[in-house]
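Only one structure is covered here, and it is reproduced in the block below.
To find a chain, count down the sequence lines: A is the first, B the second, and so on, and within it residues start at 1.
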2 protein chains.
Amino acid sequence: MTLPMILDIGEVSRQSGLAVSTLRFYEEKGLIQSCGRRGMRRLFEASVLLRLALISLGKNAGFSLDEMDEIFTFQDGVQIDRDRLMNKADELDLKIRQLTAVREGLRHAADCSAPSHLECPTFQRLLDGALKKNKVKRKTKGV
Amino acid sequence: MTLPMILDIGEVSRQSGLAVSTLRFYEEKGLIQSCGRRGMRRLFEASVLLRLALISLGKNAGFSLDEMDEIFTFQDGVQIDRDRLMNKADELDLKIRQLTAVREGLRHAADCSAPSHLECPTFQRLLDGALKKNKVKRKTKGV
DNA sequence: CTACAAGCTCAAGCTAACTTGAGGTCAAGA
DNA sequence: TCTTGACCTCAAGTTAGCTTGAGCTTGTAG
């Protein structure tokens with residue numbers, strides 16, 4: 001009753017929406033694994049699709065591939081640093097608040113007809129809200 | 001008794017936390033503007049700090065510099081496309097939901113001692129939740 | 001007045017995350 | 001048998017977003 005558990009790279013590409021070259025690239029980086037070869041061709045377990053979905057989410061969340069390699073590798077026996085995860089979760093918290101502020105800012109800007117939004121009090125309030133939380137983030141280096 | 005309204009690039013760098021080279025780069029891209037020069041040196045109005053804060057938020061939200069150049073330029077007279085803003089806000093909505101799922105996933109993973117989180121039902125539920133929303137690609141108008 | 005820190009320009013370099021290209025393998029259908 | 005088409009490798013190219021380096025200019029403190 002198990003549906004095709006083994007997929008070739010083209011099938012994974014079709015189902016994940018990622019380019020074949022991207023899949024090979026991810027495998028080389030260690031983000032995903034093929035479960036063997038048939039001749040020269042890579043074979044993948046269907047579970048790789050779940051993992052790729054997780055990677056997409058992570059990318060969207062702003063994680064780098066390297067970070068995800070560390071964070072999302074919940075392999076058997078490999079204990080992933082609990083603090084590290086919590087820390088990442090906290091970073092996401094901040095980010096979510098900021099995104100929410102930006103979203104509200106955009107929605108407001110679409111409706112508000114002030115000449116310059118940078119001077120609109122509502123807009124500034126939203127901005128300030130987001131920045132206040134940001135204060136904790138003193139770092140010399142940008143992304 | 002207005003405090004120094006005019007800042008030189010070093011001061012902007014100090015107050016914004018961005019490298020001087022980054023500020024010059026942003027100016028070249030048109031993301032910020034200097035209000036003139038003293039000799040060869042750029043001068044900035046204090047308001048550039050607010051704009052830079054907005055840019056930082058936007059970057060965090062995953063906007064590219066080019067996008068922000070279009071979206072965050074609420075200049076006098078320049079009418080920014082209302083649909084475009086709303087569309088961006090909707091994109092952020094989706095992103096916020098995904099980030100929330102990832103955050104919960106991380107928090108769960110930190111506590112759950114299942115051997116493989118990809119197989120943990122709670123984790124999968126969170127993942128599915130995020131992915132389901134992803135399917136809903138509404139909105140007729142693209143960029 | 002002269003040293004020098006802080007500016008400046010322009011070109012080149014760097015990292016992440018992929019993509020593209022050249023050239024080769026292999027199973028299957030006409 | 002011959003031809004496709006999907007796969008392979010490895011190297012080089014691409015884009016975004018900056019940073020670095022070389023070489024030149026200035027305002028100001030000693």
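Residue B:Ile6 holds its CD1 atom at 12.5 Å from CD of B:Glu11, rounded to the nearest 0.5 Å. Here CG of B:Leu92 is found 10.0 Å from CD of A:Glu104. Values are rounded to the nearest 0.5 Å.
The nearest whole Å value for the distance from the CZ atom in A:Arg14 to the P atom in D:dC7 is 6 Å. If you measure from atom CZ of A:Arg37 to atom C1' of D:dT9, you get 9 Å, rounded to the nearest angstrom. As a whole-Å value, the separation of B:Leu43 CG from D:dG27 P is 12 Å. Rounding to whole angstrom units, CD of residue B:Glu27 and P of D:dC18 are separated by 15 Å. The interatomic distance linking A:Glu11 (CD) with D:dG5 (C1') rounds to 16 Å, in whole Å. Going from atom CZ of B:Arg24 over to atom P of D:dG21 covers 14 Å, rounded to whole Å. The nearest whole Å value for the distance from the CD atom in A:Glu67 to the C1' atom in C:dT15 is 14 Å. The separation between B:Leu7 atom CG and C:dA6 atom P is 16 Å, rounded to whole Å.
Residue pairs satisfying the salt bridge (charged side-chain N to carboxylate O under 4.0 Å, His left out) criterion with at least one member in residues 22-32 of chain B, sequence neighbours excluded, are listed as follows: B:Glu27-B:Arg42, B:Lys29-B:Asp66.
For A:Arg41 (side chain) and A:Ile9 (main-chain N/O), no donor-acceptor pair under 3.5 Å exists by modelled atom type. Looking only at distances, a side-chain donor or acceptor of B:Arg82 sits under 3.5 Å from a matching main-chain atom of A:Ala110. With hydrogens and angles disregarded, a donor-acceptor distance shorter than 3.5 Å links the side chain of B:Ser13 to the backbone of B:Leu18.
For C:dT9, one of the phosphate oxygens OP1 or OP2 lies less than 4.0 angstrom from a side-chain nitrogen or oxygen of B:Arg42.
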*Base, backbone or nothing for each nucleotide of nucleotides 17-28 of chain C, written B, S, -, heavy atoms under 4.0 angstrom, 5' to 3'?*
BBSB---BBB--
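In terms of position along DNA chain D, the nucleotide closest to A:Phe44 lies nearer the 5' end than the nucleotide closest to the other residue of the pair B:Arg38 and A:Phe44.
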